[in-house]
Amino acid sequence: ATEEYIFSELVADTFHVMISVPDGYYSSEKRYPVLYVLDGDVAFGMAASIARYLQIGENIPEMIIVGIGYGALDKSAGEKRRRDYRPTQAGDAENFLNFLNGQLIPYIDSKYRTIPDDRTINGYSIGGLFALYTLFTKPETFSGYIIGSPSLTWDNYSIFSYEENSFEKIGEMKISLFISVGGEESDEKYFDPIDKLVTQIQERNYSGLKLEAKVFDGSTHLMGPPESLTHGLFSIFNK
């Protein structure tokens, strides 16, 4: 895997970006879908391994994997992910999304042989909150959304008002959406609000949106990331 440090003026911080390309990448001219993984410091290695397993079974195509992290797993990295993934009045999630759209994605598309309209994001917990914020404000950013146990309680459930204002933005766009939650997670914090949000999205009856929701029996919050990504990749790419 390649590692790069990319500075964002918008966020006023440097991101640690990890990139993995398929085995035969340099000996072919082929173009590939891209999977963008939030919380890259911990989730990038997991994503690369899970993709490899599913590719052996020919369940998903080969893809370029981009992990977006902070270069550490310490307390400061925790504060940075809270800054970047939560929609705030100060525009923090908006700044991070503008960094993705204005800087990181164009950089990856120019440097690697990507399929520009085949782009998936994977976010878990508050990373899942950010992925939903993206879906509801700039849905065209990704064609696939893999969202595990999103934290929806933030800022008095403000994500629900983003959902309410997203109908015309999503319209007839072709989007694959996978949302999961663990059966052993807190009803109040995760299960009930996620269930409510999924129902709300389903009731919009979008013509182009393919939504799969899954409950992992016996799964707690920190058991969920590999399950969510495994089933999410399968849901989005196993045609």
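Owing to the predicted nature of the structure, the values given are computational and were not obtained by experimental measurement. Along the sequence shown, residues are numbered consecutively beginning with 1.
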Q: Between Leu233 and Gln55, is there a side-chain heavy-atom distance shorter than 4.5 Å?
A: no
Q: For Tyr70, is the NZ or CZ atom of Arg81 found under 6.0 angstrom from the centre of its six-membered ring and inside 45 degrees of the ring axis?
A: no
Q: Do Phe178 and Phe237 have their ring centres less than 6.0 Å from each other?
A: no
Q: Among Glu58, Glu62, Met63, which residue meets the side chain to side chain contact (heavy atoms under 4.5 Å, CB included) test with Ile60?
A: Met63
Q: Can you find a pair of side-chain heavy atoms, one from Thr141 and one from Ile105, that are under 4.5 Å apart?
A: yes
Q: Are Leu35 and Leu97 connected in a single hydrophobic cluster, I mean Ile/Leu/Val/Met/Phe/Trp/Tyr linked by side-chain heavy atoms less than 4.5 Å apart?
A: no
Q: With hydrophobic residues grouped by side-chain heavy-atom distances under 4.5 Å, do Leu73 and Phe44 end up in a single group?
A: no
Q: May I ask you to test the Pro226-Ile50 pair for a side-chain heavy-atom distance under 4.5 Å?
A: yes
Q: In terms of relative ring orientation, are Tyr145 and Phe142 parallel, tilted or perpendicular, with 30° and 60° separating the classes?
A: perpendicular
Q: Is a side-chain donor or acceptor of Tyr124 paired with a backbone partner of His221 at a separation under 3.5 angstrom?
A: yes
Q: Please walk me through it: do Ser180 and Glu227 pass side-chain hydrogen bond (donor to acceptor under 3.5 Å, both in side chains)?
A: CA-CA 9 Å; Ser180 66; Glu227 294 176 306; over 6 Å; no
Q: Whether the side chain of Ser228 engages the backbone of Pro225 through a donor-acceptor N/O pair (distance < 3.5 Å, no angle test) should be reported.
A: no
Q: Have a look at Phe15 and tell me which of Phe96, Tyr5, Tyr36, Phe7 forms a ring pair (Phe, Tyr, Trp, His ring centres under 6.0 Å) with it.
A: Phe96
Q: So do the side chains of Asp39 and Phe130 get within less than 4.5 Å of each other, counting heavy atoms only?
A: no
Q: Check whether Ile147 and Met46 end up in the same hydrophobic cluster, where Ile, Leu, Val, Met, Phe, Trp and Tyr are linked by side-chain heavy atoms less than 4.5 Å apart.
A: no
